[in-house]
Asker: 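Encoded as structure tokens, here's the structure I'll be asking about.
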Amino acid sequence: MFASLGRIASRRPWYVIAAWVILAVVIIALSPGLHSTTDESEFLPKHYESIKAANLQQEAFAGATTPGAILVFDRKDGGKLTETDLTQAKTVVTKLNGELGKTFTALPTSAIGVQPSKDGKAALSAFILAKNANGYDTQAINDAKKLRKDAKTLMHGSAMELKMTGPAPQSLDSQDSSTKTLAIVGAATVLLIIVLLGIIFRSVLICLMPIVVVGLVSQVATGLIAMANKAFDLKADSSIEQILVVVLYGIGTDYILFLLFRYRERLRAGDEPKIAIVGAMERAGEAIASAGGAVIVSFMALVLSSLSLFRSIGPALAIAVATTLVAALTLVPAVMTLLGRALFWPSKKWKDEPKAARFTRIGEALGARPGRFAIVSGAVLAVLAIFALSFHPTFDFNSSLPSNLESTQATKTYQAHFAAGAADPAPVILHSTDGKPLDTADIAPFAAKLQAAKGVASVTSPNPKAPAGQTGISADGKTMKFDVVLDHDPSSDAALDDVKGPIRTAAHEAAPKGAEALVGGTSSVFADLQSAMARDYSVVFPVAAIIIMLILALLLRSLVAPLYLMASVGLGFAATLGASVILFQHIKGDAGLIFMLPIYIYLFVVALGTDYNILMIARLREEARRGKSAREAAAEALKHAGPTIAAAGVILAGTFASLMLGGQSLIVSMGFALSFGIFVAAFVMAMFFTPSLTALIGHAAWWPGHGDESAEEHEARVSHS
């Protein structure tokens with residue numbers, strides 16, 4: 001099959017390239033564009049309490065408004081605000097509110113007063129950017145941008161500073177930060193690939209080929225992902241574009257390398273370029289397809305997640321890898337055919353068989369003492385894996401924003417002078433379950449029990465005597481809303497623990513007969529995310545592992561090898577998470593790591609680690625079929641496959657490491673974890689652990705098949721049977 005693909009690509013290269021160009025043009029023209037969200041509540045299913053509370057609030061208080069932006073005033077000298085300062089703050093808020101109301105055609109906007117802090121050093125104002133907007137809407141973000149621009153003009157020459165935070169400004173900052181991160185990561189990834197390929201091959205065209213080829217493939221993949229997201233209403237988080245850049249260029253370059261090394265090997269053996277392409281495809285095609293298949297099914301396992309975040313990321317990454325895989329088996333050999341031997345220009349080193357002295361020595365040492373290599377490499381991974389047990393998840397996307405952004409600085413200011421949760425109170429919804437209106441006499445005792453709960457700073461109760469529409473009681477009297485200000489930042493772990501523990505318990509127990517209480521808001525969303533993640537870990541991890549094991553069993557025709565191959569990548573996963581915990585929690589001092597990190601590590605390290613294992617084990621099997629013993633085959637496999645895996649590992653680890661240049665703590669931690677995981681997968685698992693175990697197990701590694709037997713042994717066994 002793969003030889004046939006090689007023949008098609010080598011005989012009709014211009015047709016193959018033209019087909020890809022036409023496909024790219026069509027998809028780019030039809031694509032709706034790739035969009036992402038920073039609203040965590042969009043990721044949760046409807047049966048969680050936080051979502052039930054939000055839906056009830058929307059139904060019962062359809063005309064209610066929620067703050068989209070928080071304005072924080074403080075003096076530049078750090079002193080107390082004077083009466084003149086407060087008067088100016090009120091004037092600024094009034095003018096901003098009036099200007100927004102005139103400028104925008106969106107739903108009416110309004111500001112909610114100016115509230116000074118108890119210490120008198122800051123003042124707060126909440127802006128409602130649009131009725132019923134959650135602060136993450138495009139219009140709300142555009143309003144926040146306009147609000148900041150107007151505020152800068154109004155505050156010119158003032159003794160005070162005005163900084164903005166809240167959902168809309170944070171979304172705006174996240175959007176701008178993601179754009180900058182994408183540019184930095186993209187540039188660093190391309191530069192790194194060019195430099196590393198230049199060092200390895202000393203060829204101008206090989207340096208440029210992945211950039212051009214993957215650049216075309218990325219347009220197709222991104223367009224297909226956008227179409228899939230729109231068709232199935234999938235929600236992608238804001239980090240997806242950066243990850244896609246790295247995945248497409250990193251994996252794409254890896255697959256190109258797998259072919260290039262085999263192609264160069266056939267050219268050195270005296271084959272003509274077209275014949276060498278067919279030979280390279282025949283030898284490397286199966287490994288590339290199997291490796292790509294393992295990655296694709298790993299990502300697709302995320303469709304089993306209860307979170308739409310992962311249900312969208314999984315297919316997105318699977319589409320990206322599938323597109324790259326198809327390109328590696330069609331477009332890449334077509335381009336290589338057209339370039340022929342000129343592909344290696346201007347260097348002529350490709351003609352010389354490399355001595356690979358270092359890999360030869362390592363291979364011989366491994367073949368002679370596989371037990372020692374297995375114990376040492378396994379012990380290193382096991383020690384790091386122990387630290388994975390102290391992993392602490394955090395659920396705040398906005399905490400990943402750089403500290404120099406306005407919304408981050410504004411948040412720090414208001415937390416220093418107000419109750420940490422003042423800008424984002426948690427709505428507690430009391431709702432009738434028996435169809436009767438709620439008794440207003442229950443308001444005071446219910447609020448008192450909420451106020452007594454650990455983690456509650458204050459409670460604002462519904463007021464039946466307030467003007468219509470401002471009572472906090474629905475028109476039919478069946479729903480009431482209590483606003484609870486938390487002691488801690490709603491995005492913090494402390495607030496999450498308070499909400500999922502004492503606050504929810506107090507609300508549920510205090511609900512009068514015939515009613516139920518639901519706690520909503522940011523902390524409630526995070527608490528439900530934590531529960532959803534625990535469920536997803538127990539489903540996604542084993543399913544991905546089982547599917548990859550099935551692929552390995554079919555590829556290797558063995559039931560034994562997949563077991564220790566998956567054990568090795570599982571150990572690599574734990575070691576990678578452990579290393580991340582050591583660096584960020586123990587050395588850097590972070591309270592925790594973003595909650596989605598283990599799934600990303602698992603999928604990339606397991607899937608891509610399997611890539612390298614497949615490449616190594618396939619070469620080992622090839623050497624065994626030539627009549628070598630298990631130990632000799634392991635030594636020879638390391639000699640020949642080692643350079644390929646080392647080059648691919650360095651490039652892919654380097655591209656993931658480029659994420660660390662983005663500045664966002666989420667992206668930085670992900671960049672380190674994935675680059676370290678790929679390094680471990682290439683240089684510990686595939687290079688040492690897997691071949692040493694295979695050498696130790698010997699022929700039994702291929703049971704019940706006979707994947708390692710030579711043609712003569714196969715004929716003898718068939719004749720004997």
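From a predicted model like this one, the values you see are computed outputs, not experimental measurements. Here, residue 1 is the first one in the sequence, and each next residue gets the next number. Heavy-atom basis, side chains included; hydrogens, waters and symmetry copies ignored.
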Asker: Check whether any side-chain heavy atom of Met533 lies under 4.5 Å from a side-chain heavy atom of Pro393, and answer yes or no.
Answerer: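 SC-SC contact between Met533 and Pro393 ruled out.
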Asker: Around atom NZ of Lys513, are there more than 12 heavy atoms from other residues, nucleotides or ligands closer than 6.0 Å?
Answerer: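 Open.
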Asker: Do you know which two heavy atoms are closest between Ala123 and Leu86, and how far apart they sit?
Answerer: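 Heavy-atom minimum between the residues: CB-CD2, 4.1 Å.
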Asker: With rounding to the nearest 0.5 angstrom, report the OG to NZ distance, Ser158 to Lys76.
Answerer: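 The NZ atom of Lys76 is 6.5 Å from OG of Ser158, to the nearest 0.5 Å.
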Asker: Is Val92 close to Gln88 at the side-chain level, that is, under 4.5 Å between some pair of heavy atoms?
Answerer: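 Contact flag for Gln88/Val92 side chains = yes.
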Asker: Any ion pair linking Asp77 and Arg75 (charged N to carboxylate O, less than 4.0 Å)?
Answerer: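 Answer for the salt bridge query: yes.
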Asker: As an exercise, state the distance from CG of Asp590 to NE2 of His392, rounded to the nearest 0.5 Å.
Answerer: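 It is 11.0 Å, given to the nearest 0.5 Å.
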Asker: Does Val519 offer a backbone N or O that forms a donor-acceptor pair with the side chain of Ser524 under 3.5 Å?
Answerer: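 Yes, because the side chain of Ser524 sits within donor-acceptor range (under 3.5 Å) of the backbone of Val519.
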Asker: Between Ser407 (side chain) and Thr165 (backbone), is there a donor-acceptor pair under 3.5 Å?
Answerer: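 No; judged by distance alone, with no hydrogens or angles, the pair does not exist.
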Asker: Quick one: are Phe73 and Val93 in side-chain contact, heavy atoms under 4.5 Å?
Answerer: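 Yes; the side chains approach each other to less than 4.5 Å.
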Asker: Show the nearest heavy-atom pair for residues Gly472 and Pro462, with the distance to one decimal.
Answerer: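 So the minimum-distance heavy-atom pair works out to O-CB, 3.7 Å.
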Asker: For the CZ atom of Phe391 and the CD1 atom of Ile601, what is their distance to the nearest 0.5 Å?
Answerer: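 One finds 7.5 Å between CZ of Phe391 and CD1 of Ile601.
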Asker: Determine, step by step, whether Arg504 and Asp528 satisfy the salt bridge (Lys or Arg N to Asp or Glu O under 4.0 Å) criterion, reporting the C-alpha distance in whole Å, the side-chain angles of both residues, the deciding distance to 0.1 Å, and the verdict.
Answerer: CA-CA 12 Å; Arg504 277 187 174 176; Asp528 290 338; 3.1 Å; yes
Asker: Does one side chain, of Ser432 or Asp434, offer a donor that lies under 3.5 Å from an acceptor on the other?
Answerer: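 Looking only at side-chain atoms, Asp434 and Ser432 do form a donor-acceptor pair, the distance falling under 3.5 Å.
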Asker: Please walk me through it: do Glu516 and Lys52 pass side-chain contact (heavy atoms from CB on, under 4.5 Å)?
Answerer: CA-CA 11 Å; Glu516 66 172 348; Lys52 287 182 178 179; over 6 Å; no
Asker: Short question: side chain of Lys163, backbone of Thr408 - any donor-acceptor pair under 3.5 Å?
Answerer: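 The answer is no, because no donor-acceptor pair under 3.5 Å joins these two groups.
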Asker: So, Gln585 versus Ser390: side-chain donor-acceptor pair below 3.5 Å or not?
Answerer: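 Not at all, the side chains of Gln585 and Ser390 share no donor-acceptor pair under 3.5 Å.
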Asker: Quick one: do Asp119 and Lys121 satisfy salt bridge (Lys or Arg N to Asp or Glu O under 4.0 Å)? Show the steps, please.
Answerer: CA-CA 6 Å; Asp119 63 7; Lys121 292 185 176 182; 5.7 Å; no
Asker: Side chains of His431 and Glu59 only: does a donor on one sit below 3.5 Å from an acceptor on the other?
Answerer: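 Judged by distance alone, the side chains do not pair up.
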Asker: Short question: side chain of Glu406, backbone of Met164 - any donor-acceptor pair under 3.5 Å?
Answerer: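 Flag set: sc Glu406 to bb Met164 pair under 3.5 Å.
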Asker: Sequence neighbours left out, cut at 3.5 Å: what donor-acceptor pairs do the side chains of residues 445-460 make with other protein atoms?
Answerer:
unit_1	atom_1	unit_2	atom_2	d
Gln451	OE1	Val459	N	3.3
Gln451	NE2	Ala457	O	3.3
Lys454	NZ	Asp498	OD1	2.9

Asker: Is there a side-chain contact between Phe482 and Ile443 (heavy atoms, below 4.5 Å)?
Answerer: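 A side-chain contact exists here, since the closest heavy-atom pair is under 4.5 Å.
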Asker: Quick one: pull up CG in Leu56 and CD1 in Ile429 and give me the separation to the nearest 0.5 Å.
Answerer: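 The CG atom of Leu56 sits 7.0 Å away from the CD1 atom of Ile429.
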Asker: Quick one: does Val668's side chain get under 4.5 Å of Phe584's, heavy atoms only?
Answerer: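 Sidechains of Phe584 and Val668: in contact.
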Asker: I need the minimum non-hydrogen distance between Pro425 and Val485, along with the two atoms involved.
Answerer: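 Looks like CB-CG2, 4.2 Å.
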Asker: Parallel, tilted or perpendicular: which fits the ring planes of His586 and Phe387, with parallel below 30° and perpendicular above 60°?
Answerer: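 Taking Phe387 first and then His586, their aromatic rings stand perpendicular (interplane angle over 60°).
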Asker: Are side-chain heavy atoms of Pro512 and Leu430 found at a separation under 4.5 Å?
Answerer: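 They are in side-chain contact.
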Asker: With ring-ring contact (aromatic ring centres under 6.0 Å, His included) as the criterion, how do Tyr414 and Phe418 come out once you've worked through the C-alpha distance, each side chain's angles and the decisive distance to 0.1 Å?
Answerer: CA-CA 5 Å; Tyr414 88 68; Phe418 294 88; 7.2 Å; no
Asker: Are there more than 12 heavy atoms of other residues, nucleotides or ligands under 6.0 Å from atom NE2 of His156?
Answerer: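 Not buried by this count: 12 neighbours or fewer within 6.0 Å.
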Asker: Using a 3.5 Å distance criterion without hydrogens, assess whether the side chain of Tyr600 forms a donor-acceptor pair with backbone atoms of Met670.
Answerer: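 No, Tyr600 side chain to Met670 backbone: no donor-acceptor pair under 3.5 Å.
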Asker: Does Arg148 form a side-chain contact (heavy atoms from CB on, under 4.5 Å) with Leu172? I'd like the steps, not just the answer.
Answerer: CA-CA 11 Å; Arg148 277 183 174 173; Leu172 174 61; 3.8 Å; yes
Asker: Decide yes or no on side-chain contact (heavy atoms from CB on, under 4.5 Å) for Met155 and Met160, but give the supporting numbers first.
Answerer: CA-CA 8 Å; Met155 293 296 294; Met160 295 187 296; 3.8 Å; yes
Asker: Which value, rounded to the nearest 0.5 Å, describes the distance between Leu71 atom CG and Leu162 atom CG?
Answerer: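 These two atoms lie 5.0 Å from each other.
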Asker: Specify the closest pair of heavy atoms between Thr440 and Pro464, including all atoms of both residues, with the distance to one decimal.
Answerer: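 Nearest pair, atom of Thr440 first, then Pro464: CG2-CG, 3.9 Å.
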Asker: State, without any angle test, whether Thr82 and Asp85 hold a side-chain donor-acceptor pair at a distance under 3.5 Å.
Answerer: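 Judged by distance alone, the side chains do pair up.
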Asker: Provide the closest heavy-atom pair for Ala517 versus Ala507 in the form atom of the first, atom of the second, distance.
Answerer: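 The answer is CB-O, 3.2 Å.
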Asker: Working to the nearest 0.5 angstrom, can you tell me the gap between Ser305 OG and Ile599 CD1?
Answerer: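 Atom-to-atom, Ser305:OG and Ile599:CD1 are 6.0 Å apart.
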Asker: Determine whether Thr479 and Leu438 make a side-chain contact, defined as any pair of heavy atoms from C-beta on separated by less than 4.5 Å.
Answerer: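 The answer is no, as the side chains (C-beta and beyond) never meet within the 4.5 Å cut-off.
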Asker: If we only count heavy atoms from C-beta on, is the Ser523 to Leu486 side-chain gap below 4.5 Å?
Answerer: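 Yes, their side chains come closer than 4.5 Å.
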Asker: Using atom types as modelled and distance alone, determine if a side-chain donor or acceptor of Thr433 lies under 3.5 Å from a backbone N or O of Gly514.
Answerer: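 Yes; at least one donor-acceptor contact below 3.5 Å.
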Asker: Indicate the atoms forming the closest heavy-atom contact of Ala426 with Gly520, along with that distance.
Answerer: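 In terms of heavy atoms, the two residues are closest at CB-O, 3.6 Å.
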